[in-house]
Asks: 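The structure follows.
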Number of protein chains: 2
Amino acid sequence: MQHIDFLNYIQRELQINGAEVEEMRQFVPYKPKFLAKNDLFLSVGKVCTSVAFIESGAVLYFRENDDADKLVCDVLFEGSWVTYIQSLVTKMPSDMNIQALEDTRIIEIEQDVLNTFFEKFPKAERLSRKLTEASFIQIAQRAADLQFLTAEERYTKVLKEEPRLIERVPQYYLASLLGIAPQSLSRIRKELSKQSS
Amino acid sequence: MQHIDFLNYIQRELQINGAEVEEMRQFVPYKPKFLAKNDLFLSVGKVCTSVAFIESGAVLYFRENDDADKLVCDVLFEGSWVTYIQSLVTKMPSDMNIQALEDTRIIEIEQDVLNTFFEKFPKAERLSRKLTEASFIQIAQRAADLQFLTAEERYTKVLKEEPRLIERVPQYYLASLLGIAPQSLSRIRKELSKQSS
DNA sequence: CAATCTCGTTCACAAATGTTAAGAAATTAT
DNA sequence: ATAATTTCTTAACATTTGTGAACGAGATTG
């Protein structure tokens, strides 16, 4: 199973040496936390107070409609940071659930710890800002794709840019993420397989 | 014509007194800039280096597809800040055009001026952060609407939440913003007018 | 092992949206 | 004021997507 070690990630992303990593560990002890499949990282009504690095596994962002269908807004895999910025920064209760899609191993950091951490290690704050900017760009791109691409184009784009979504996410969740019905996704896959053969 | 005075806005939003406003004016001289209808605030390929408060008028965010159709991504009116965060923070050339939809009066502030300004007036930086957060929440909501609402639902939502879009934006631009063809919007309007009569 | 259950597929039909073309209405230019 | 241009509407038809139902493969459970 794919695994991305947190300390390796930090060392690589911040471009620091082993000694500095060791220093950081005193602030953020390396204590992995395990979410069993279907465990919730965040649920509607709770305030999000932490960020977490996914070492392995995957999480599903979703809301529920009146029929209790899951409306999937995002899926993140190992190597990503999971949090709900909308609730984290406003301190308002979340309107989003975040659930483990597989058994998932995370390094969770509470926001107050993070803040003292940033004071001590400005490089980390720079990374944080970069990640937030990347999220902004990504969600704007997502809106543009939903606005201007057909369902088939959105699917082939996912196929190309994030194949883990096709390999590891049940098709009815992926369909929801693409904004279509599961049967429509099935139909699109069928059409594409015809063309490629 | 609707007009929102920049200094009033600043005083109200930062909750400061007239003397403080006066102090701020020395850093950011109150020099309105005028964009004639169709003038570009930002064009594809240029790096965005400023933010601007719209005192009156409106601007259109758009890309162009192969057929030179405008793909409308946003429209902002008086009282909003216009910038292209994706280019502003990354210093990468813009993939977006921003054009005056009406004769528009703005207060433009270059990023370097803004940074010294923030050092001097922390309240302003707080406002800036709040505005960026609001943009994030807004674009995420936009993506969710495109993903889960029908075209008609998106139209009625706009009708309710930002009627200036219906009143002041040509219908073919509004249709593009909603992610549909102009004829489809015309059809939706017709259906709705039937129902309400 | 049989009985369920979940998930993906397929089909027929319905509804929503796109496309093309034409003309009406509104706006702008001369 | 008139002509030219732009914008909006309408209609017919095509395409895409949604919906409900049925089916079956594969996993899970008793």
Side-chain angles (χ1 to χ4, degrees), chain A residues 36-38 58 60 62 65-72 75 99-103 144-159 163 165-197, chain B residues 1 36-39 58 60 62 65-72 75 99-103 145-159 165-197:
Chain A
K37 180 172 174 173
N38 296 330
L60 186 76
F62 71 98
N65 67 6
D66 306 329
D67 304 337
D69 297 324
K70 285 183 181 176
L71 305 179
V72 179
V75 176
Q99 185 177 34
L101 199 56
E102 310 169 352
D103 291 343
D145 290 347
L146 287 160
Q147 190 178 354
F148 300 121
L149 301 183
T150 65
E152 181 174 324
E153 289 168 329
R154 298 198 295 276
Y155 175 74
T156 55
K157 187 169 178 180
V158 159
L159 199 57
L165 281 170
I166 282 101
E167 292 153 11
R168 289 163 58 182
V169 177
Q171 231 163 269
Y172 55 97
Y173 284 154
L174 177 56
S176 177
L177 184 64
L178 292 170
I180 59 177
Q183 298 94 321
S184 299
L185 178 53
S186 207
R187 177 164 39 202
I188 287 169
R189 286 163 53 84
K190 189 182 175 186
E191 285 307 310
L192 289 174
S193 70
K194 268 191 211 165
Q195 290 172 25
S196 67
S197 63
Chain B
M1 180 195 275
K37 180 173 176 173
N38 297 329
D39 280 357
L60 184 76
F62 71 98
N65 66 7
D66 307 329
D67 304 337
D69 297 325
K70 285 184 180 175
L71 305 179
V72 178
V75 176
Q99 184 177 34
L101 199 56
E102 309 169 351
D103 290 343
D145 289 347
L146 288 160
Q147 189 178 354
F148 300 121
L149 301 183
T150 65
E152 181 174 324
E153 289 168 330
R154 297 199 295 275
Y155 175 73
T156 55
K157 187 169 179 179
V158 160
L159 198 57
L165 281 170
I166 282 100
E167 291 153 12
R168 291 163 57 183
V169 177
Q171 230 163 270
Y172 54 97
Y173 285 153
L174 178 57
S176 176
L177 185 63
L178 292 171
I180 58 177
Q183 298 92 325
S184 298
L185 177 53
S186 209
R187 176 164 38 203
I188 286 168
R189 284 163 53 84
K190 189 182 176 187
E191 285 306 310
L192 288 174
S193 70
K194 267 192 211 166
Q195 288 172 25
S196 67
S197 64

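Order of the sequence lines fixes the chain letters, A, B, ..., with proteins taken first and strands second; residue numbering starts at 1 for each chain.
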Asks: Under the side chain to side chain contact (heavy atoms under 4.5 Å, CB included) rule, collect the residues that match up with Asp69(A), sequence neighbours excluded.
Replies: Asn65(A), Asp67(A)
Asks: If a pair satisfies salt bridge (charged side-chain N to carboxylate O under 4.0 Å, His left out) and one of its residues is in residues 170-182 of chain A, list it, with sequence neighbours excluded.
Replies: none
Asks: Output a table of donor-acceptor pairs, distance under 3.5 Å, between side-chain atoms of residues 176-188 of chain A and any protein atom two or more places apart or on a different chain; print 'none' if there are none.
Replies:
| unit_1 | atom_1 | unit_2 | atom_2 | d |
| --- | --- | --- | --- | --- |
| Ser176(A) | OG | Lys70(A) | O | 3.4 |
| Ser176(A) | OG | Val72(A) | N | 2.9 |

Asks: How would you list, by chain and number, every residue that makes a side chain to side chain contact (heavy atoms under 4.5 Å, CB included) with Lys157(B), sequence neighbours excluded?
Replies: Gln141(B), Asp145(B), Leu149(B), Glu161(B)
Asks: Would you say Asp103(B)'s side chain and Lys37(B)'s backbone share a donor-acceptor pair under 3.5 angstrom?
Replies: yes
Asks: Decide side chain to side chain contact (heavy atoms under 4.5 Å, CB included) for Tyr173(A) and Leu60(A); before the verdict, give the C-alpha distance in whole Å, the side-chain angles of both, and the deciding distance to 0.1 Å.
Replies: CA-CA 9 Å; Tyr173(A) 284 154; Leu60(A) 186 76; 3.9 Å; yes
Asks: Taking salt bridge (Lys or Arg N to Asp or Glu O under 4.0 Å) as the test, write out the residues that go with Glu102(B), two or more places apart.
Replies: Arg168(B)
Asks: Assign a letter to each nucleotide of nucleotides 9-18 of chain D from its 5' end: B, base within under 4.0 Å of a protein heavy atom; S, sugar-phosphate only; -, no contact.
Replies: BBS-----BB
Asks: Who passes salt bridge (Lys or Arg N to Asp or Glu O under 4.0 Å) against Arg189(B), sequence neighbours left out?
Replies: none
Asks: Please name all residues satisfying side chain to side chain donor-acceptor pair (under 3.5 Å) with Glu152(B), sequence neighbours left out, ordered by chain then number.
Replies: none
Asks: For chain A and DNA chain C, what are the first and last nucleotides along the strand, 5' to 3', with at least one atom under 4.0 angstrom from a heavy atom of the protein chain?
Replies: dC7(C) to dC11(C)
Asks: Find the distance Asn38(A):CG to dT28(D):P and express it as a whole number of Å.
Replies: 13 Å
Asks: Tell me: CD of Glu167(B) to P of dC8(D), nearest whole Å?
Replies: 14 Å
Asks: If an axis is fit to five pairs at each end of the helix from dC1(C)-dG30(D) to dT30(C)-dA1(D), what is the angle between the two, to the nearest 10°?
Replies: 40°
Asks: Taking only residues two or more places apart in sequence or in another chain, which ones pass side chain to side chain contact (heavy atoms under 4.5 Å, CB included) with Ala68(B)?
Replies: none
